[in-house]
Every structure is written in C-alpha cells, then in structure tokens.
Colleague: 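Handing you this structure, nothing more for now.
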2 protein chains.
Amino acid sequence: MKKITIEDIAKEAHVSIKTVSRVFNHEPNVRDNTRDRVLAVAEAMNYRPNLSARSLASNKSFIIVHFHDNPNPDYLDRINQGLHKACRAAGYFSVNEPLPLTNGSYAALAATYLTSFHVDGALLSPPLSDDPALLAVLREKNVPYTRVSPQFEKRSSGATYIDDKAASLMMTNHLIELGHKNIAFIAGPSSHGSTIERTAGFLKALETAGLSVQNCPQYSGDFSFRSGLNAGQKIIESGHNVTAIFAANDEMAVGAMMAAMKAGLDIPKDMSIAGFDGSRIGDVLWPQLTTIRQPIRQLSERATDILLTSLRTSETDIICEELPVTLLARGSSSVPKISS
Amino acid sequence: MKKITIEDIAKEAHVSIKTVSRVFNHEPNVRDNTRDRVLAVAEAMNYRPNLSARSLASNKSFIIVHFHDNPNPDYLDRINQGLHKACRAAGYFSVNEPLPLTNGSYAALAATYLTSFHVDGALLSPPLSDDPALLAVLREKNVPYTRVSPQFEKRSSGATYIDDKAASLMMTNHLIELGHKNIAFIAGPSSHGSTIERTAGFLKALETAGLSVQNCPQYSGDFSFRSGLNAGQKIIESGHNVTAIFAANDEMAVGAMMAAMKAGLDIPKDMSIAGFDGSRIGDVLWPQLTTIRQPIRQLSERATDILLTSLRTSETDIICEELPVTLLARGSSSVPKISS
DNA sequence: CTGAAAGCGCTAACAG
DNA sequence: CTGTTAGCGCTTTCAG
C-alpha cells in the first residue's frame, strides 16, 4: 500500500505535476477539461496532498490555532465547534492550545509554539482576546488573527462580539420590570474586558429606572462557581433586602443560587437569580436559570470565516461583526415576594 | 527577522547540519562536548526545528490526534488536558478531531483525515474506544493507537480504564448500606461498552444483599440530561416505592434529580440520587451529587504516555493499566425516610 | 564520532 | 494554458 503522490496523479492524467498542483490549489489557467481529468484521476486513486510537503514548500500550513484560557469547558467546546466547522468548510485544520495566563511565561510559550508549529492564523477567545502580550507576540510573528468578544481596540483586528452593555441592560430591565428594586450585581474579574460593559449596562438600567444604587450592592467574582457562591453568601448576610441577584456569568449565578438554597431561600419566590451566557449549567437546574444566551458557536464560526477570508484574499479590510443575543426568561426569576 | 534554520546553528557551532540534527533527535554518537555546544548555540539563537520539514523528511509528524464523540464537554476537556500534558512533556503536539458516529461515513472521514493529516498516533475516548469500524481504519492505515476505557478486547491495544463493574457495585452497596431496598437503575446506552459492566455491578450488589430485582426497576437512557429526566419521571410515576435512583452517569443522575424536584420530592429525604463519573455538573448543585469519581485526566495522560512510549521504543508489549476510582458520598444520598 | 550527498512531496518562479 | 527547474528545512543513507 504505497503512498500516492502528486506525481502518480500527473502521470495517470498525462499532465505535469504543476498542473495537478494548480488544480488542487484552485489556481486559474487550467482548462476545464484538464481540471476535470485531474480531479477524476485523483478521486479514483484516492489522492490527498501531503500537508507537510505543502507546508514546507509554500510556507503555508492550512492550520489555524485557537489559543484559549477559559476555565469553562462548555464555552470552549462551543468555540471549538464553530472553529472546526469553519475550518473544514475551507479545507483547513484546527488545533487547540491552552495558554494559562497564570503561568508567567505564557507569552513566551506562545512564541515558542508559533516558531515550531507553523500556523496560518490564530483565533483568540476571552480572556486572551484582550491580552496585550499575546497580541504583541502574534504581530511580531506576523500571524494573522481574529478575536472572539474583544473589548479593547475592537477594530484593531477581525472580530465578532455581542453588545455586552446592551445585553446586561436588557437583563437588568427584565428584573426591574418584574418589580425588583433591590438587585445585587456580581461582576466578573477585571481581567475580562466584558466586566466594564456588563457593569455599565447594569448601572444604566438602574439609573434609567430611577433605582437607588445604594440598594443595589455590587460584588465581584472571577467567573467561577465558587466565587458566585461566596458572593451569594455575602449578599444574603448583608441585610440589604436584596430580592434579585444578577451575575455576570452563569457559573457565578448558579453559585449564588446554591448559596440562596443553602440559606433555605426559595428560588424564585424569595430570591430571583439571573445569569449571563446561556451555558449548559443553567439548563440543568431546577429551576432553570434566567440568562442571556450568547451565540457562542456562531461567534467563533464567523470569526474563523473572517480570518480565513482575509488569508485567502489578502484583503486588508478589517471585518467586525456584532451578533444578537437572546433573553431567556426561565424559572429562576419572578416577581419579588415583598416589594420593598 | 529571518527564519533561523539548522544550517545557521551548524555554522555557528562549527559542525555539520547532521550533527545538529543528531542532537535534536537525541541520537547517540555525539560527543558531550559537541552536544553542549550545539545546544548552547541553538538556545542563544532561539532555534526551533521546523515541524513540516521534519515531518516531510522523516515521515513522522510528532502529532497525536484524539478522535472523540462524547457529548459531554466536561469529559472531553479533561481528556484533552491529560493528552496535552503528556504530549508536551514528550515534545509532541496534540490535535482534536470530532468523529460523529451519527454521521454514517465517520469511518471514511477518519480515513480521509489520516491520509491528508499525517499523525504519529491516535488516542480514542469512549464511545469511539470500542468502535470496530474506526479501529479497522486505524489498523489499515497503520496508525498506532491507545484507548481510554475500552470495554471489548481490552488487551488488543494499549489502554487505561477503571473497573466499571466494581465501581457500580461499590455505589449500589453504598445505597444498600444506607438502608435502601427499592433502588432504581438508569443504565447508559448500549453503544457504550460500560453499560453492561455497570449494570452487572448493580445486579451483583442486589443479589449479594438479597434484594428483590422486582423492587428495583431498570431503565435506560442515552447518557443525556434529558434522558435522565424522562427516566426519573417514569420512575416516580411507576409506583414502585423507589427511594433511591442510581444513574450510570452524572448527567442522567442530575436529570433524575430534576424530575424528583419537579415532582415536589425532597432530595435526599424523599429520594436519594447517585451518579457516576464525578463530572462538574454534580459539584454545582444543591445538594451535591453522590457519585463515583473517575480519574479522567489521569486515564488520558497515562494512555497517551503509553502510546508515546510505544512509538519511541517500538516495543510490541501492549500496556494496559487499571486506575482506581473514589466514591464521593455527598448530599444527594442519605437514609430513606421510610424503610419499606 | 562526524560529514556529504540525496531526497521527502510539494509549490514558486520562470519559460514557453 | 502548460511544463521545467529549483528549492522549502530537515532526515536518511552511506562514507569516512
């Protein structure tokens, strides 16, 4: 079972290897007739170009790397699905590389990675989308990249994102409309750019509704379940008469929900809970979590599409797309028991 | 910023490129002196061998692919962590490839993948670990592989696994010791080999304890949350006086728990719930899920180690390792309210 | 222990 | 529209 190469195809199709190469690279200047013959032969012989050879000769690899450091497996998985789908549709391959920000030398790690593993482009997901050190490495190495949900210098690269502020405002309004006046907010970590936006949306909604910020205490967590649990406990002990908790992601919201349940509170009668993201964790609870559903797979797929398009057209236009979110009002939120 | 190649290192270290190559491939027959000099120069010039060139010349790629079709992102993530860690420690790279069994041509997909993307080995995780069509492709293409948690022909390849039957027996005994006599079991799908083992462990425990199988109804799901919810509803409506539900994975257990909560039952007073896997979903609930914790990351890391070792030593010994599990007794299980 | 030469399978740059 | 000739950066012979 010997390996079949471009030469075998050339011989069989009575053309030169260059012509075969042209066909497989979608280059112009091949007669339809010839092209069809080559493709037929290749199909018949089950030929696949050797990626290493292609990569060595052309200095292209047909590989896109996804750098990530998000602790949420669910989020990662959705990003990967979109990435994989877009890559496959374009004949590219995708690989994943964790880049732990907690490891002081993550930028050096990325640099090492990019030197030994030639990639054609990179996809960045939060929190790496906004990491200056990583972006610097990418630019220095001349690796094109697009970003999912960047917050800073949004238009400095191709990107897809949602309107965090508007989404957060939408959710806060939902709680306000239910009748809540004492709403606690659990913000994300400052390392995530979305934190500012989501907090701003929350505050704007309060302001518009004329609610006192004094009655709406703000806490902050690191997006982890545990930090939500801690914040939830503090909120409950604080004596603020809080009737609703809005957390900047679902993990923390579920943590807060657990704190409430532990304290013997009924959800949503005694305490409404709202999250942000639309991750699986919120589907698999009773009551199910009221949240903002982000189109994560599409964000990633579109971001990859944008990257691949820019690679192929070598266009310099920077494409940025905002995708819509949905408010999922479910069992964890309702009208407050006592309006204060 | 030009690319530095093996030639730059050779020139600078006053040796031939072949010697540099020897050093980087850990080949013998290099004087320590020479080796050190080469390494020093390479370090100073920040040299990294070009993977494509290496791959083209040696017909090795230093890439391990992980084929998977597990719907649980949490499980996948842990497998990936172990894989990544083991690969990195050995200078290998890892890539992921979903292979949806629901897609009729998944075996052909795998074949295509393996022809265009040269990999040195493959890691299989359930349910692919036991897929005959995929195994056939791998063998035909001569791609070495190891498997995580295979159930059939265990010793036909390198593998790591747990003792599913013993673990299931352990959990059932836990429930029996708490005083439960009417225990429902939700089995996994027949496509997963573990289903037989886990069911066998359940039945063995009943038998040993002298409990009647009639009082312990068996259901089956597909490992999804939703299927656990459905089974849970049936169990509650069945009038079997069931006081405990043991599901063959955590997702289904949580589904069953949700069914119980919806029906107004108190967990664990009215109904004890137990799962299997130790995935995040069970940590993030109130009460937390009693479950069997599998060392998923270690299973994957060891399986990868076994694969890499066999690649480098070209030894033909097949290594299989059984790793221990832990019973996590948490809030979702307790003594039954009424002993029947 | 070390080096020189010959490719790996493909694409780039030029000729026709 | 098509073919020829050089490499890409490395490893593998095979000689020393």
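Residue numbers begin at 1 in each chain, while the letters A, B, ... track the order of the sequences.
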Colleague: Which nucleotide sits closest to the side chain of I17(A): dT11(C), dT11(D), dG9(C)?
Modeller: dT11(C)
Colleague: Does OP1 or OP2 of dT11(D) have a side-chain N or O of S58(B) closer than 4.0 Å?
Modeller: no
Colleague: Should the pair R302(B)-D305(B) be classified as a salt bridge under the 4.0 Å nitrogen-to-oxygen rule?
Modeller: yes
Colleague: A side-chain contact here means heavy atoms from C-beta on lying under 4.5 Å apart; do S149(B) and T160(B) qualify?
Modeller: no
Colleague: By the 4.0 Å heavy-atom rule, please label N50(B) as base, sugar-phosphate, or nothing.
Modeller: sugar-phosphate
Colleague: What is the distance, to the nearest angstrom, from the CG atom on N59(A) to the P atom on dC10(D)?
Modeller: 12 Å
Colleague: Looking at V20(B), I9(B), T34(B), V23(B), which hits side-chain contact (heavy atoms from CB on, under 4.5 Å) with L39(B)?
Modeller: V23(B)
Colleague: How many Å lie between NE2 on H118(A) and C1' on dC10(C), as a whole number?
Modeller: 14 Å
Colleague: Under 4.0 Å from OP1 or OP2 of dT2(C): is there any side-chain N or O of T34(B) that close?
Modeller: yes
Colleague: Identify which nucleotide among dC10(D), dC10(C), dC1(C) has an atom closest to any side-chain atom of N29(B), counting heavy atoms from C-beta outward.
Modeller: dC1(C)
Colleague: For dT2(C), does OP1 or OP2 lie under 4.0 Å from any side-chain N or O of S16(B)?
Modeller: no
Colleague: Select base, sugar-phosphate, or nothing to describe what S52(A) touches, counting heavy atoms under 4.0 Å on all strands.
Modeller: nothing
Colleague: Look at all strands and tell whether Y47(A) reaches a base, only sugar-phosphate, or nothing, counting heavy atoms closer than 4.0 Å.
Modeller: sugar-phosphate
Colleague: For dT11(D) and S21(B) - does any side-chain N or O of the residue sit under 4.0 Å from the phosphate oxygens OP1/OP2?
Modeller: yes
Colleague: Measure the distance from CD1 on I6(A) to P on dG7(D) and round it to the nearest whole Å.
Modeller: 19 Å
Colleague: Picking from dG3(C), dC10(C), dT11(D), which would you name as closest to the side chain of T19(B)?
Modeller: dG3(C)
Colleague: How many Å lie between CD1 on I9(B) and C1' on dC10(D), as a whole number?
Modeller: 13 Å
Colleague: Give the rounded distance in Å between these two atoms: CG of L51(B) and P of dC8(D).
Modeller: 18 Å
Colleague: Under 3.5 Å, is there a donor-acceptor pair between the R35(B) and N33(B) side chains?
Modeller: no
Colleague: For the pair made of CZ in R31(A) and P in dG3(D), what is the distance, rounded to whole Å?
Modeller: 10 Å
Colleague: Checking contacts here: which listed nucleotide (dC14(D), dT2(D), dC10(D)) is nearest the side-chain heavy atoms of R22(B)?
Modeller: dC14(D)
Colleague: Send over the distance from E7(A) CD to dC10(C) C1', rounded to a whole Å.
Modeller: 10 Å
Colleague: Does the side chain of N25(A) get closer than 4.0 angstrom to OP1 or OP2 of dT11(C) through an N or O atom?
Modeller: yes
Colleague: Report the C-alpha separation of F93(A) and F62(A) in whole Å, then their side-chain angles, then the decisive distance to 0.1 Å, and conclude whether the ring pair (Phe, Tyr, Trp, His ring centres under 6.0 Å) test is met.
Modeller: CA-CA 6 Å; F93(A) 295 87; F62(A) 303 93; 8.4 Å; no
Colleague: Which angle, rounded to 10°, do you find between the first-five-pair axis and the last-five-pair axis of the helix from dC1(C)-dG16(D) to dG16(C)-dC1(D)?
Modeller: 30°
Colleague: Salt bridge or not for K154(A) and E322(A), using N-O below 4.0 Å?
Modeller: no
Colleague: Rounded to the nearest angstrom, tell me the gap between atom CG in L56(A) and atom P in dC10(C).
Modeller: 12 Å
Colleague: Taking S129(B)'s backbone N and O only, do any of them form a donor-acceptor pair with R147(B)'s side chain (distance below 3.5 Å, no angle check)?
Modeller: yes
Colleague: Using every non-hydrogen atom in the two residues, find where S300(A) and I79(A) come nearest and quote the distance to one decimal.
Modeller: OG-O, 2.5 Å
Colleague: Any donor-acceptor pair under 3.5 Å between the side chain of K18(A) and the base of dA12(C)?
Modeller: yes
